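Worksheet: the structure to be examined is printed underneath.
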Amino acid sequence: MSKIKHHLNDALLMSYAAGNLPEAFSLVVATHISMCDDCRARLGAFEAVGGAMLDDVAVASEVDLDATLALIEQGPKAPIRVDMSKLGLFPSALQDYVGGDLDAVKWRAVGMGVRQAILPTSKDASVRLLHIPAGCAVPDHGHRGTELTLVLQGAFKDEFDRFGPGDLEIATEEDVHTPVAEEGVDCICLAATDAPLKFRGLVQRIAQPFLRI
Amino acid sequence: MLTADTTIDEFRPTPIAVRKSARRTDDVREARIKTVSTKEQEDLRLVECVLLIRDTQDKGAFAELFRHFAPRVKGFLIKSGADASMAEECAQDVMATLWHKAHLFDPTRASVSTWVFTIARNRRIDMIRKQRRPEPDELTWGPEPEPDAADVMELQQESTRLVQALSELPDKQRDLIQKAYFGDLSHSEIADETGLPLGTIKSRIRLALEKLRHAMK
């Protein structure tokens, strides 16, 4: 895999380490970290801050040791899972939500050759897989909240930069951009947003509620 | 904090471990006795306890970890919005998970406090926020080879230094971090660059990951 150039920022890593991100964002973060050891190490550092907070916390009353030992006797609640997705394009976190790898995705057309699949998460943000044919553009849009776009395959360019496999674009309210998939391989992205996208064309604005994009 | 500590090793003698990997438990114990800082000694003892649980299902070592962490985990959960009975239930669950997952703990990448924090955090998301927690692919050492004691020492010392550095931050900044970790700040309320002194511990973990990747090949 080519070198990853666009990474998570501190705010996202700290919130993920603290466990405060919406589920949809957490999925993008977990997927990026599965592909990027730099961010995995940074996450480790932010989790170490959490460890320090735990060291420092006001202790509550005693917890029942005997009840806990009895709980241990019952065995683990869920099987202890070890990485099962060595093969395939998607890291295991993403495979859990899709129900398999790329070939298991249930795509729906959203116009102009672009296809999407919305993944089920809590309602405070949404996340979807996007399939953009090589050379095609995703409609010009701005955002009301934050939008994270992680490239899984292929690459796209927008007015600001180029994003290849493993790269993450973080777009905020001010950014209006038109991502275009590069020629060659079709581009597959995982994109999360905590507010509906604002499309600028009238037809797209009318279609938006039906397409849930 | 970095004063010389002359107290005698007051812990119970460790049972002779049965697996080959237990050699490392001995290395860690040796390192612990050599270090000078009390806090470092405590942190290394916690590592030793997890390895004892992993290798010999040592209930004494578990009780020791339990006394240290269970009331903290409960305190953490109460501070993050759980009521007392839910915090009790969650804390028991977190400690039981620690027992079952002892073989997944990697002391070259995290202190025991950090590891327990991540278990407690996941339990909180699950039980209090009722959400799923997508996790990155797990990277684990196979049965062989294991990381060496020097790497374990370095990471544990770095964690101790981080705790010290955090305690020296201005009150206002520390309050903010606490808020973030107890669930009162959203990501948009946190700066893109937090300015926390995390460079060295990050480099340590990065090195450990490189060794791990090499071992996995």
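Below, each value reflects all heavy atoms present in this structure, side chains not excepted, and no hydrogens, waters or symmetry copies. It should be emphasised that the depicted structure is a prediction, and the values quoted were computed from it without experimental measurement. So you know, we letter chains A, B, ... as the sequences are listed, proteins then strands, and number each from 1.
- Residue A/Tyr16 comes nearest to B/Glu135 through the heavy atom pair OH-CA, 3.6 Å, listed as atom of the first residue, atom of the second, then distance.
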*Residues A/Glu47, B/Arg121; criterion side-chain contact (heavy atoms from CB on, under 4.5 Å); working and verdict*: CA-CA 10 Å; A/Glu47 287 178 338; B/Arg121 168 202 67 196; 2.9 Å; yes

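- Counting heavy atoms from C-beta outward, B/Phe66 and A/Leu69 have side chains that stay 4.5 Å or more apart.
- When heavy atoms are compared at a cutoff of 4.5 Å, B/Leu162 approaches chain A solely by way of its side chain, counted from C-beta outward.
- Both the backbone and the side chain of B/Thr194 come within contact range of chain A, judged by heavy atoms closer than 4.5 Å.
- In this structure, the portion of B/Lys79 lying under 4.5 Å from any heavy atom of chain A is its side chain and not its backbone.
- In this structure, A/Asp38 CG and B/Arg206 CZ are separated by 4.5 Å, a value rounded to the nearest 0.5 Å.
- Within residues 168-179 of chain B, the residues having any heavy atom under 4.5 Å from a heavy atom of chain A are, by residue number, B/Ile177, B/Gln178.
- Within the 4.5 Å cutoff, the side chain of B/Ile190 has no heavy atoms near those of the A/Asp10 side chain.
- In this structure, the side chain of B/Arg72 engages the main chain of A/Asp55 through a donor-acceptor pair within 3.5 Å.
- Only the side chain of B/Leu196 comes within contact range of chain A, with heavy atoms under 4.5 Å apart.
- At distances below 3.5 Å, not a single donor-acceptor pair connects side-chain atoms of B/Arg132 with backbone N or O atoms of A/Glu23.
- Here CG of A/Leu54 is found 8.5 Å from OG1 of B/Thr114. Values are rounded to the nearest 0.5 Å.
- Interface remark: B/Asn122 contributes no atoms to any contact with chain A (heavy atom separation under 4.5 Å).
- Considering all non-hydrogen atoms of both residues, A/Ala93 and B/Pro134 come closest at CB-CB, 4.3 Å.
- The nearest pair of heavy atoms linking B/Ile201 to A/Ala48 is CD1-CB, 3.9 Å.
- Closest approach of A/Ser122 and B/Gln131 over heavy atoms only: OG-NE2, 3.1 Å.
- Across A/Asp37 and B/Leu209, no two heavy atoms sit closer than the pair O-CD1, 3.6 Å.
- For B/Tyr181, the parts lying near chain A are the backbone and the side chain together; criterion is any non-hydrogen pair under 4.5 Å.
- A donor-acceptor distance shorter than 3.5 angstrom exists from the side chain of B/Glu88 to the backbone of A/Asp64, with no hydrogens or angles considered.
- Residue with the most contacts toward chain A among B/Phe182, B/Trp115, B/Phe76, B/Trp99: B/Trp99 (heavy-atom pairs, distance under 4.5 Å).
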_Under the criterion side chain to side chain donor-acceptor pair (under 3.5 Å), I'd like the reasoning laid out for B/Arg124 against A/Asn20: C-alpha separation, chi angles, the key distance, then a yes or no._
CA-CA 10 Å; B/Arg124 184 189 78 194; A/Asn20 295 331; 3.1 Å; yes

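- With a 4.5 Å cut-off on non-hydrogen atoms, B/Lys59 touches chain A through its side chain but not through its backbone.
- Here A/Gly50 is the residue among A/Gly50, A/Ala67, A/Pro22, A/Gly44 with the most heavy-atom pairs under 4.5 Å with chain B.
- Interface remark: of the candidates A/Leu12, A/Leu21, A/Val29, A/Leu43, A/Leu21 forms the most heavy-atom pairs closer than 4.5 Å to chain B.
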*Show your reasoning for whether salt bridge (Lys or Arg N to Asp or Glu O under 4.0 Å) applies to B/Arg67 and A/Glu62.*
CA-CA 8 Å; B/Arg67 276 194 298 278; A/Glu62 288 300 307; over 6 Å; no

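- Here A/Arg40 does not pair with B/Asp137 in a salt bridge; the nearest charged N to carboxylate O distance is not below 4.0 Å.
- Residue B/Arg213 touches chain A through its side chain alone, counting heavy-atom pairs closer than 4.5 Å.
- Between the CG atom of A/Asp194 and the OG atom of B/Ser188 there is a distance of 7.0 Å, given to the nearest 0.5 Å.
- Side-chain atoms of A/Met53 and B/Phe117, non-hydrogen and from C-beta on, never get closer than 4.5 Å to each other.
- Nearest heavy atom pair, residue B/Ala180 against residue A/Ala18, reads O-CB, 3.4 Å.
- The pair B/Glu193-A/Arg42 does not count as a salt bridge, with every side-chain nitrogen at least 4.0 angstrom from each carboxylate oxygen.
- Comparing A/Leu65, A/Leu71, A/Ile33, A/Leu27 by how many heavy-atom pairs each has under 4.5 Å with chain B, the most go to A/Leu65.
- Here A/Gly51 is the residue among A/Gly51, A/Ala58, A/Ala52 with the most heavy-atom pairs under 4.5 Å with chain B.
- Contact count against chain A (heavy-atom pairs under 4.5 Å) is highest for B/Arg133 among B/Met95, B/Lys202, B/Arg133.
- Annotation: maximal heavy-atom pairing with chain A below 4.5 Å, among B/Ala91, B/Ala63, B/Ala96, B/Ser203, occurs at B/Ala96.
- At a 4.5 Å heavy-atom cutoff, the contact between A/Phe25 and chain B is made by side-chain atoms alone.
- When each of A/Val57, A/Leu8, A/Thr31 is checked for heavy-atom pairs under 4.5 Å with chain B, A/Val57 comes out on top.
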